[in-house]
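Before any comments, here is the structure.
Nothing here was measured: the structure is a model prediction, and the numbers come from that model.
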Amino acid sequence: MKKYDFICIIKTNLDIEGVDQVVANIENTIANFGGNVVSTDKIGRKKLAYEVDNYRDGFYVNFVMELCEERITELRRYLKLNENVLREMITVQDKVKVAVK
């Protein structure tokens, strides 16, 4: 399994409990796909660079997760179908090489 950084922007029409429920659903979906959520960081409400689906701001959440490569497309499909998610971005964490002199 590879380690991934995953940023998700959630619609702001939800209250705090609604955002927590969406985050819990995403974590459960990752677990159902055989993955592991290492950490979850609720960054908070931020202004978007441009309007997305008539929203000017969104609630940002950053996940660090471990998941098989084959399951990433299924996770992206789930997020596209989730009506509370505005945008998502998943990137592979690179192993940092330290040069010693």
Side-chain angles (χ1 to χ4, degrees):
M1 285 197 291
K2 287 187 177 180
K3 204 173 224 185
Y4 296 92
D5 280 324
F6 162 41
I7 288 199
C8 180
I9 304 174
I10 299 172
K11 292 180 179 179
T12 54
N13 61 350
L14 302 171
D15 57 353
I16 295 299
E17 291 82 23
V19 170
D20 289 341
Q21 184 62 40
V22 171
V23 169
N25 288 343
I26 292 172
E27 289 175 341
N28 290 337
T29 302
I30 292 169
N32 289 339
F33 288 155
N36 179 30
V37 177
V38 177
S39 68
T40 303
D41 182 21
K42 296 175 187 168
I43 299 169
R45 190 175 186 150
K46 300 229 179 229
K47 188 173 191 292
L48 300 173
Y50 55 89
E51 192 172 296
V52 178
D53 295 337
N54 296 324
Y55 288 92
R56 295 184 184 267
D57 52 352
F59 195 88
Y60 284 68
V61 181
N62 184 30
F63 298 90
V64 176
M65 64 179 182
E66 296 173 338
L67 191 64
C68 293
E69 286 183 67
E70 298 82 27
R71 297 293 194 154
I72 292 296
T73 55
E74 294 176 34
L75 179 61
R76 284 198 169 122
R77 183 176 184 283
Y78 165 78
L79 294 169
K80 294 275 186 211
L81 294 175
N82 189 333
E83 61 193 29
N84 293 315
V85 175
L86 286 175
R87 292 284 188 268
E88 51 83 18
M89 184 174 73
I90 301 173
T91 57
V92 177
Q93 271 190 355
D94 290 330
K95 293 183 180 177
V96 178
K97 296 180 181 177
V98 178
V100 179
K101 289 187 177 185

State the [atom1]-[atom2] distance between [X] and [Y], to the nearest 0.5 angstrom.
| X | Y | atom1 | atom2 | answer |
| --- | --- | --- | --- | --- |
| Tyr4 | Ile72 | OH | CD1 | 4.5 Å |
| Lys42 | Ile16 | NZ | CD1 | 8.0 Å |
| Phe6 | Glu88 | CZ | CD | 6.5 Å |

Problem set entry | Lys3: which of Asn36, Val38, Val92 passes side-chain contact (heavy atoms from CB on, under 4.5 Å) |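 Option passing the side-chain contact (heavy atoms from CB on, under 4.5 Å) with Lys3: Val38.
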For this session: Have a look at Glu27 and tell me which of Val37, Val22, Asn32 forms a side-chain contact (heavy atoms from CB on, under 4.5 Å) with it.
Result: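 The single option meeting the side-chain contact (heavy atoms from CB on, under 4.5 Å) with Glu27 is Val37.
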Atom pairs and distances, donor-acceptor, side-chain atoms in residues 58-66, under 3.5 Å, two or more places apart:
none

ILVMFWY cluster, [X] and [Y] together (side-chain gap under 4.5 Å):
| X | Y | result |
| --- | --- | --- |
| Ile43 | Ile10 | no |
| Val19 | Ile30 | yes |
| Leu14 | Tyr55 | no |

Exercise. Should the heavy atoms of other residues, nucleotides or ligands under 6.0 Å from CD of Glu83 be counted, would the total exceed 12?
Worked result: no
For this session: Under the salt bridge (Lys or Arg N to Asp or Glu O under 4.0 Å) rule, what do Lys47 and Asp57 come out as? Steps first, then yes or no, please.
Result: CA-CA 4 Å; Lys47 188 173 191 292; Asp57 52 352; over 6 Å; no
Problem set entry | Which atom of Glu17 lies closest to which atom of Asp15, heavy atoms considered | OE1-OD2, 3.0 Å
Seminar exercise, completed: What one should report as the nearest heavy-atom pair of Gly35 and Met1 is CA-SD, 4.4 Å
Exercise. Considering residues at least two apart in sequence or located in another chain, which fulfil the side chain to side chain donor-acceptor pair (under 3.5 Å) criterion with Asn25?
Worked result: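 Applying side chain to side chain donor-acceptor pair (under 3.5 Å) to Asn25 gives Gln21.
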Exercise. Is the shortest heavy-atom distance from the side chain of Leu48 to the side chain of Leu86 under 4.5 Å?
Worked result: yes
Side-chain donor-acceptor pairs of residues 73-82 under 3.5 Å, sequence neighbours excluded:
from  : atom 1 : to    : atom 2 : distance (Å)
Glu74 : OE1    : Arg71 : NH1    : 3.0
Arg76 : NH2    : Ile90 : O      : 3.2
Asn82 : OD1    : Asn84 : N      : 3.0

